[in-house]
Amino acid sequence: MNRVNLLFFATLRDRAGTKTAVMDVPAGTTVGELRERLAQEYPSLGPALSTALIAVDREYAAPDMVLPENADVALFPPVSGGARSLAGACRSR
């Protein structure tokens with residue numbers, strides 16, 4: 001088994017009802033598989049998980065990434081606004 005530390009941010013923290021949690025997952029578990037397990041363990045996260053950003057050890061992770069042992073896994077809701085503002089600023093120059 002592989003133990004991962006879960007960190008919930010913003011609205012995901014509210015939905016999960018906690019800031020942090022620890023979960024044991026089988027060795028070789030991917031980020032996508034963890035997302036599915038989280039949906040089962042935390043039903044209140046529900047649809048929010050499909051758009052959540054997941055970082056593993058402070059780096060954004062693709063669904064097929066295998067979780068390393070004792071990983072810190074952070075879950076963030078999607079964020080908007082920054083890219084559009086930056087693009088507008090670049091066009092106006």
Side-chain angles (χ1 to χ4, degrees):
M1 281 299 213
N2 179 10
R3 181 163 284 190
V4 295
N5 302 304
L6 303 170
L7 308 161
F8 299 98
F9 290 90
T11 57
L12 297 179
R13 175 186 297 169
D14 297 336
R15 288 175 180 248
T18 186
K19 290 181 184 183
T20 63
V22 175
M23 182 179 282
D24 290 322
V25 297
T29 297
T30 65
V31 169
E33 292 166 338
L34 176 65
R35 189 184 302 259
E36 291 171 12
R37 174 126 179 239
L38 286 168
Q40 294 172 352
E41 300 270 335
Y42 296 90
S44 58
L45 290 175
L49 280 174
S50 65
T51 58
L53 301 173
I54 297 179
V56 176
D57 294 333
R58 298 184 182 184
E59 297 285 333
Y60 286 112
D64 61 347
M65 178 187 178
V66 174
L67 295 168
E69 287 188 41
N70 300 313
D72 289 325
V73 179
L75 293 100
F76 304 92
V79 180
S80 65
R84 178 179 245 165
S85 299
L86 180 60
C90 291
R91 278 195 294 265
S92 65
R93 290 184 178 201

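Along the sequence shown, the residues carry numbers beginning at 1.
One hydrophobic cluster holds both Val25 and Tyr42 under the rule that ILVMFWY side chains link at heavy-atom gaps under 4.5 Å. Both Met65 and Val4 are members of a single hydrophobic cluster when ILVMFWY side chains are connected at heavy-atom separations under 4.5 Å.
Looking at Asp64, its side chain never comes within 3.5 Å of a backbone N or O of Gly32 through a donor-acceptor pair. Between the Glu33 side chain and the Thr30 main chain, a donor and an acceptor come within less than 3.5 Å of each other. For Asp57 (side chain) and Val73 (main-chain N/O), no donor-acceptor pair under 3.5 Å exists by modelled atom type. One N or O on the side chain of Asn2 and one on the backbone of Pro68 form a donor-acceptor pair closer than 3.5 Å.
Nearest heavy-atom pair across Thr20 and Thr18 is O-OG1, 2.8 Å. Closest non-hydrogen pair, Thr51 versus Arg35, comes out as N-NH1, 4.5 Å. Of all heavy-atom pairs between Arg3 and Asp24, the closest is NE-OD1, 2.9 Å. Nearest heavy-atom pair, Pro47 versus Ser50, reported as atom, atom and distance to 0.1 Å: O-OG, 2.8 Å. Residues Leu12 and Ala52 share a closest heavy-atom pair of CD1-CB, 3.8 Å. Taking all atoms of both residues into account, the shortest heavy-atom contact from Leu45 to Arg15 is CD2-CB, 3.7 Å.
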Mind running salt bridge (charged side-chain N to carboxylate O under 4.0 Å, His left out) on Glu41 and Arg37 for me, showing each step along the way? CA-CA 6 Å; Glu41 300 270 335; Arg37 174 126 179 239; 3.5 Å; yes

One pair to check against side chain to side chain contact (heavy atoms under 4.5 Å, CB included): Leu67 and Val31. What are the steps and the verdict? CA-CA 6 Å; Leu67 295 168; Val31 169; 3.9 Å; yes

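Between Phe8 and Phe76, the distance from one ring center to the other does not fall under 6.0 angstrom.
Between Asn5 and Met23, the closest side-chain pair of non-hydrogen atoms is not below 4.5 Å.
When each of Leu53, Leu34, Leu7, Leu49 is tested with Leu75 by the rule side chain to side chain contact (heavy atoms under 4.5 Å, CB included), just one qualifies, namely Leu49.
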